[in-house]
There are 2 protein chains.
Amino acid sequence: MNLPPLVQTFVLHFGEMGGRWGVNRTVGQIYALLFVSPQPLVADDIVEALGVSRSNVSMGLKELQAWNLVRLQHKPNDRRDYYSAPEDIWQIVRTLVEERKKREIDPTLSMLREALMERPESEYERHAQERMRVMHELMDAMSDWYDDVRRIETERLVQLMKLGSRITRVLEAADRLNFMSPRKKKPASATDDDHASSDRQEQRPGDDPDEP
Amino acid sequence: MNLPPLVQTFVLHFGEMGGRWGVNRTVGQIYALLFVSPQPLVADDIVEALGVSRSNVSMGLKELQAWNLVRLQHKPNDRRDYYSAPEDIWQIVRTLVEERKKREIDPTLSMLREALMERPESEYERHAQERMRVMHELMDAMSDWYDDVRRIETERLVQLMKLGSRITRVLEAADRLNFMSPRKKKPASATDDDHASSDRQEQRPGDDPDEP
DNA sequence: CCGTAGTTTCAGACTTTTCTGAAATATCGG
DNA sequence: CCGATATTTCAGAAAAGTCTGAAACTACGG
């Protein structure tokens, strides 16, 4: 790896972090490099800077494209692909959150929706399903919330953050000003029988996993 | 694995997701199982339910304890450890976000703080450091914000979510009601020379990675 | 169409992580 | 202190994930 120490530390750190964020080390490093680079880079620049194989860089760039995290450009009389990270760091955060939602929240929501349509066969299953219902409610709310918030422009978002916990004071004001009218729900993707969770309090015993 | 189909799907799904959330498959499965279980479980219940080794369960439970995600209890005349997931799913979300912050944001912040204290040796490094400064500002704001928001109780948090993007309308009200007085900053952990980033516009060339 | 400059794919080598069984450790009642 | 029960540790086996070099592919100018 052939980089100024300042940049090298940064790049190595994001390599490590990459692991936790669901991408591999090289992808993290490539992104870190693009992030601090004053101009767009071609794949071979990255190969030289990071000292990894050409093919590894190619795969890494492909993955970053799948995450919508890089911008691809071309220069006149040069058919190489030039890659760069968006200037606006808030845009990057939005993209990250959005992609993560797509990969983590959305599949979980559909799994839960399906599970909630099953008919429980035991008290154990009934309880499990009830827990799933609560989790579904939470994740659904978070999902909607994010769809909303994503549309707020950067400036407002910064303002919102600066507000911090004093947001509660604003909420009190909101109560008084009656902003809390019921919000419209996005059209449900599956049949809408969530609430069919039954009053049937079947007391069948023997759902204790300890029991032989 | 020996579970009702409804629960099995759920458990397997969280096993997969576990990977993305920085824990391994077994840890995800154990947590899913505890989450839907009507009563606390001992390690051997989990071994039987998931069909994994006793030692694997022991390590998984240890990790969940490190994440503060499980509650450990005892029963009279029984010295086995009984594990359960907290009832309140918001509490679980808070814990998850908090632990993630601790593992991802905080180390990155200290890396950035150190990098920002270095003196850039080239125009390339100067630019890189400027980008790092922007990133540091963002992450620092997010970190403070989370420290604030974590203290908001569940009910308010739900209210905040239900508000969704209409939060901007509330913010407009906030503007008028003058809630935006400057907030106090937590004491800085390092010396406070962030802004010393120099007007010295040294134009040294040769920091173009394309150059041979 | 051919040669060149560039990018992508992929099988297998290599690295890292996870999981297991066996042994070590801890704790309690007697 | 012993024996019974419960938990933890750990070295190595197994599995999963990453990275590479070689080959395949693509697009373009001549």
Side-chain angles (χ1 to χ4, degrees), chain A residues 1 11-12 14-34 40-67 70-84 103 210, chain B residues 1 11-12 14-34 40-67 70-84 103 209-210 212:
Chain A
M1 187 176 297
V11 163
L12 290 175
F14 276 86
E16 299 305 321
M17 280 304 161
R20 302 195 189 279
W21 279 77
V23 298
N24 68 37
R25 180 146 24 91
T26 310
V27 172
Q29 292 182 351
I30 294 174
Y31 200 66
L33 188 66
L34 291 175
L41 301 180
V42 301
D44 281 324
D45 297 337
I46 300 172
V47 168
E48 199 194 338
L50 302 182
V52 298
S53 74
R54 183 54 231 267
S55 52
N56 198 358
V57 169
S58 176
M59 282 168 146
L61 287 170
K62 218 175 130 215
E63 177 146 11
L64 286 172
Q65 283 177 287
W67 278 80
V70 289
R71 160 189 309 272
L72 174 56
Q73 313 163 59
H74 287 98
K75 294 193 180 181
N77 298 331
D78 187 344
R79 43 201 179 77
R80 294 177 298 174
D81 295 342
Y82 283 80
Y83 293 92
S84 58
R103 280 150 221 252
D210 286 27
Chain B
M1 188 177 293
V11 163
L12 289 176
F14 276 87
E16 298 306 320
M17 281 304 159
R20 300 194 190 281
W21 279 77
V23 299
N24 67 37
R25 180 147 20 93
T26 310
V27 172
Q29 291 182 351
I30 293 175
Y31 200 67
L33 188 66
L34 290 175
L41 301 180
V42 300
D44 283 324
D45 296 338
I46 300 172
V47 168
E48 198 193 340
L50 302 182
V52 297
S53 74
R54 182 53 230 268
S55 51
N56 198 357
V57 169
S58 175
M59 282 168 147
L61 287 170
K62 218 177 130 214
E63 178 147 9
L64 286 172
Q65 282 178 288
W67 278 79
V70 289
R71 160 191 308 273
L72 174 56
Q73 312 163 59
H74 288 97
K75 294 194 178 181
N77 298 331
D78 186 343
R79 47 202 177 77
R80 293 177 300 174
D81 294 341
Y82 283 80
Y83 293 92
S84 58
R103 279 151 222 251
D210 286 29

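Quick note on labels: first sequence line is chain A, next is B, and so on, each numbered from 1. Computed from a predicted model, the values in this text were never measured in an experiment.
- Along DNA chain C, the stretch of nucleotides lying under 4.0 Å from any heavy atom of chain A spans, 5' to 3', dT4(C) to dC10(C).
- Following rounding to the nearest Å, R80(B) (CZ) and dT8(D) (C1') show an atom-to-atom distance of 18 Å.
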Could you give the side-chain donor-acceptor pairs of residues 56-65 of chain B under 3.5 Å, partners two or more places apart or in another chain?
unit_1: N56(B); atom_1: ND2; unit_2: T26(B); atom_2: OG1; d: 3.3

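- Interatomic distance, L12(B) CG to L50(B) CG, rounded to the nearest 0.5 Å: 9.0 Å.
- Evaluation of the ring-ring contact (aromatic ring centres under 6.0 Å, His included) rule for F14(B) yields F10(B) as partners, not counting sequence neighbours.
- In plain terms, the two heavy atoms of M1(B) and A49(B) that are nearest each other are CG-O, 3.2 Å.
- Contact annotation for D44(B): no contact, since no heavy-atom pair falls under 4.0 Å across all strands.
- Between S55(B) and dT9(D) there is no side-chain N or O to OP1 or OP2 distance below 4.0 Å.
- Counting non-hydrogen atoms under 4.0 angstrom, N24(B) reaches the backbone sugars and phosphates but no base.
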List, with names and distances, any nitrogen or oxygen atoms from the protein found under 3.5 Å away from nitrogen or oxygen atoms belonging to nucleotides 26-28 of chain D.
none

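- With rounding to whole Å, H74(B) atom NE2 is found 13 Å from dT5(D) atom C1'.
- Here the side chains of Y83(A) and V42(A) are not in contact, with every heavy-atom distance at 4.5 Å or above.
- Here dA6(D) presents its C1' atom at 10 Å from CG of D78(B), a figure rounded to the nearest Å.
- We find the CD1-CG distance between I30(B) and L41(B) to be 10.5 Å, quoted to the nearest 0.5 Å.
- Taking a 4.0 Å limit (strictly below) on heavy-atom distances, residues 57-67 of chain B reaches DNA chain D at S58(B), M59(B), K62(B).
- For the side chain to side chain donor-acceptor pair (under 3.5 Å) test, residues two or more places apart in sequence or in another chain that qualify with D81(A) are H74(A).
- Taking atom CZ of R25(A) as the reference point, atom C1' of dT20(D) lies 14 Å away to the nearest angstrom.
- Per the geometry, CG belonging to L41(B) stands 15 Å off P belonging to dA6(D), to the nearest Å.
- Nearest heavy atom pair, residue V11(A) against residue A32(A), reads CA-CB, 3.8 Å.
- Within a 6.0 Å sphere centred on CZ of R71(A), other residues, nucleotides and ligands contribute 12 heavy atoms or fewer.
- Along DNA chain C, the nucleotide nearest to V27(B) and the one nearest to Y83(A) differ in position, and the one closer to the 5' end is contacted by Y83(A).
- The closest side-chain heavy-atom distance from M17(A) to Y31(A) is not below 4.5 Å.
- Taking 4.5 Å as the limit, every side-chain heavy atom of R80(A) sits out of range of all side-chain heavy atoms of D44(A).
- Here the C1' atom of nucleotide dT7(D) and the CD1 atom of I46(B) are 13 Å apart, to the nearest Å.
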